[in-house]
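To start, the structure under review is shown below, and the notes come after it.
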Amino acid sequence: MQKTDVGKFAINNLSFMLEYLKIPSVSAKNMGITEIVDWLTKTFKKLGADKVSKWRDQGGNPVVFAEFKGKMDKTILFYNHYDVQPVEPLNEWSTDPFKPEIKNGKIFARGVCDDKGELISRLTLIKYFNENGGLPLNLKFFVEGEEELGSPHVDKYVHAHSQELKSDACIWEGGGKDENDNFKITCGLKGIASFDLKVKTAGTDLHSSLASYADNAAWRLVESLNSLHGNNGEILVDGFYDDIEPLDDVTRKAIEKIQFNSKQVKAEFGLLRPFITKNPVFDLINGPTMTINGLSSGYEGKGLKTIVPKEALAKMDCRLLPNQDPKKIANLIQAQLIKNGFDDVRLSYNTGEEAFRTDLSNPFVQQNIESAKEIYGEDKISVVPNMPGGGPARQFVEDLKVPIVMVGINYAGSGPHAPNENIRLDDYSKGSEFLANLLVNYSKK
Ligand SMILES: [Zn+2]
């Protein structure tokens with residue numbers, strides 16, 4: 001296999017991707033789901049899959065499963081999703097989100113980075129190997145349609161179909177290059193607990209003159225939130241940090257090696273305040289968080305309305321580390337509120353995902369690193385123990401006992417979920433070369 005041939009092949013077969021990008025598969029609006037599931041099923045069959053199934057038995061949008069037999073009896077499982085985020089605000093797009101356009105060496109379209117381009121780069125490789133001596137090893141695909149809704153059914157599908165999904169290693173979505181154009185090999189995800197805090201202090205909003213004697217739901221909520229949070233960003237909840245496992249040396253060293261450009265990050269997001277930590281990289285990877293996502297109470301319209309609000313609501317999330325249980329964390333927070341004298345501030349749990357990390361010394365991780373060095377160069381690789389964000393990977397680890405690695409084709413300016421989502425053609429072709437190289441290397445060992 002000529003490595004650069006694979007890159008050229010990917011670029012020459014772009015029409016394949018453009019077709020897929022045109023299908024407006026927005027799960028939040030229940031748009032285009034049947035169409036895209038049919039397209040995928042048809043495409044898997046066309047590529048010569050030994051088995052293609054539409055799983056519907058666990059509810060929600062169907063999961064498309066496909067299996068390809070290769071020359072060696074080793075199997076890699078790919079996780080992808082066919083749904084995309086809504087496109088709004090439409091006026092901030094410089095192209096039509098569902099009419100992909102190529103300009104200045106980039107492809108613009110909704111989903112091209114998250115996560116349609118990645119799936120197509122994987123499918124294009126099958127096409128390449130079909131025309132060049134056959135697939136080096138077995139491949140399986142798990143393509144779900146509710147990732148942008150928080151993957152409410154994935155755990156059930158993985159559990160129910162664990163026999164069919166059985167494989168030796170798994171490649172996740174969401175990979176690519178960082179701000180310094182280093183190719184990331186990410187080996188885990190943070191967990192999350194999402195919940196609401198609500199407090200009610202009266203049966204009705206009151207005239208604000210009564211603030212002399214009547215308690216105020218907004219103050220009450222703000223004070224309760226404040227009691228959970230220290231001056232240096234620490235989370236003041238008994239037991240919150242107890243289950244976190246100490247970092248091993250390899251992981252600690254990997255975190256220390258990650259490059260982080262504070263200036264660039266501050267400029268990119270227009271941050272107006274200093275960082276709340278002295279060590280942003282370390283906390284990004286190995287710091288749990290507690291975040292107010294939104295606050296609402298009382299009158300929020302134009303002009304004025306002098307009232308004491310009867311109720312107040314905070315939308316919250318915590319990003320969690322391996323071994324922290326989202327439901328337990330929520331219970332600890334409720335217990336702390338009661339202990340702090342806020343027994344009327346009620347927590348309701350929305351959803352949660354557990355964190356995980358694949359051991360960095362796992363042979364599959366090492367093979368990713370070696371294969372990437374051959375394509376990108378020794379000093380352009382970044383090994384990241386886990387993403388700062390989450391995803392429904394935990395069940396795959398639990399049921400399939402596979403190492404999971406995230407590698408792909410996006411870059412720091414790809415703008416997933418944002419207007420003008422894009423990928424660079426160069427990353428697409430190099431990413432395809434990398435993946436082909438990995439499959440060949442992995443099939444040999
Ligand atoms: Zn995604």
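Reckoned from all heavy atoms, side chains included, excluding hydrogens, waters and symmetry mates.
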Quiz question: by atom type and distance under 3.5 Å, do the side chains of [X] and [Y] form a donor-acceptor pair?
X      : Y      : answer
Asn420 : Ser94  : yes
Gln324 : Tyr241 : no
Asp317 : Ser194 : no
Asp83  : Ser27  : yes
Thr251 : Asp248 : yes
Gln85  : Glu148 : yes

Exercise. When Asp344 is tested against each of Arg220, Lys198, Lys200 for salt bridge (charged side-chain N to carboxylate O under 4.0 Å, His left out), which residue passes?
Worked result: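 Per the salt bridge (charged side-chain N to carboxylate O under 4.0 Å, His left out) rule, the option paired with Asp344 is Arg220, out of Arg220, Lys198, Lys200.
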Regarding [X] and [Y], does a basic nitrogen lie under 4.0 Å from an acidic carboxylate oxygen?
X      : Y      : value
Asp243 : Lys328 : yes
Asp238 : Lys339 : yes
Glu245 : Arg357 : no
Lys315 : Asp196 : yes
Lys190 : Glu353 : no
Arg394 : Glu398 : yes
Glu101 : Lys99  : no

Nearest heavy atoms of [X] and [Y], plus distance in Å:
X      : Y      : answer
Leu189 : Asn386 : N-CB, 3.6 Å
Ile258 : Ser382 : CG1-OG, 4.1 Å
Ala217 : Ala312 : O-CB, 3.5 Å
Ala393 : Ile404 : O-CD1, 3.9 Å
Cys318 : Ile333 : SG-CD1, 4.0 Å
Asp114 : Pro416 : CB-CB, 3.9 Å

For this session: Describe, in one word, how the ring planes of Tyr442 and Phe364 are oriented to each other, choosing from parallel (under 30°), tilted (30 to 60°) and perpendicular (over 60°).
Result: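 Perpendicular, since the angle between the ring planes exceeds 60°.
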Exercise. Between Tyr157 and His153, how do the two ring planes meet: parallel, tilted or perpendicular, split at 30° and 60°?
Worked result: perpendicular
Using atom types as modelled and distance alone, determine if a side-chain donor or acceptor of [X] lies under 3.5 Å from a backbone N or O of [Y].
X      : Y      : result
Asn437 : Ile375 : no
Asn410 : Ser414 : no
Asn130 : Leu47  : yes
Asp359 : Asn362 : no
Arg110 : Ala418 : yes
Glu118 : Gly175 : yes
Asn138 : Gly70  : yes
Lys430 : Leu425 : no
Ser297 : Glu311 : yes
Asn132 : Tyr128 : yes

[X] NZ/CZ over [Y] ring centroid, <6.0 Å and within 45° of normal:
X      : Y      : answer
Arg424 : Tyr411 : yes
Lys103 : Phe108 : yes
Lys177 : Phe183 : no

For this session: Decide if the gap between the ring center of Phe65 and the ring center of Phe141 is smaller than 6.0 angstrom.
Result: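 Aromatic pair excluded; centres sit 6.0 Å or further apart.
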Exercise. Any chance the rings of Phe396 and Phe356 have centres within less than 6.0 Å?
Worked result: no
For this session: For Thr124 and Asn13, run side-chain hydrogen bond (donor to acceptor under 3.5 Å, both in side chains): C-alpha distance rounded to whole Å, both residues' side-chain angles, the deciding distance at 0.1 Å, then the answer.
Result: CA-CA 7 Å; Thr124 307; Asn13 282 275; over 6 Å; no
Problem set entry | Option among Tyr82, Tyr20, Phe44 that satisfies the ring-ring contact (aromatic ring centres under 6.0 Å, His included) test with Trp39 |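 Exactly one option meets the ring-ring contact (aromatic ring centres under 6.0 Å, His included) with Trp39, and it is Tyr20.
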For this session: Apply side-chain hydrogen bond (donor to acceptor under 3.5 Å, both in side chains) to Glu234 and list each qualifying residue two or more places apart in sequence or on a separate chain.
Result: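 Testing Glu234 for side-chain hydrogen bond (donor to acceptor under 3.5 Å, both in side chains), a comparison that skips the adjacent residues, returns none.
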Exercise. By side-chain hydrogen bond (donor to acceptor under 3.5 Å, both in side chains), which residues pair with Lys54, not counting sequence neighbours?
Worked result: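 Here the qualifying residues are Asp38.
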Problem set entry | Side-chain heavy-atom pair Lys116, Ser25 within 4.5 angstrom cut-off | yes
Problem set entry | Close side-chain approach of Tyr299 to Pro309, heavy-atom, < 4.5 Å |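 Tyr299 does not reach Pro309 side chain to side chain.
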For this session: Check the pair Thr75, Leu137 against side chain to side chain contact (heavy atoms under 4.5 Å, CB included), reporting the backbone distance first and the verdict last.
Result: CA-CA 6 Å; Thr75 307; Leu137 75 182; over 6 Å; no
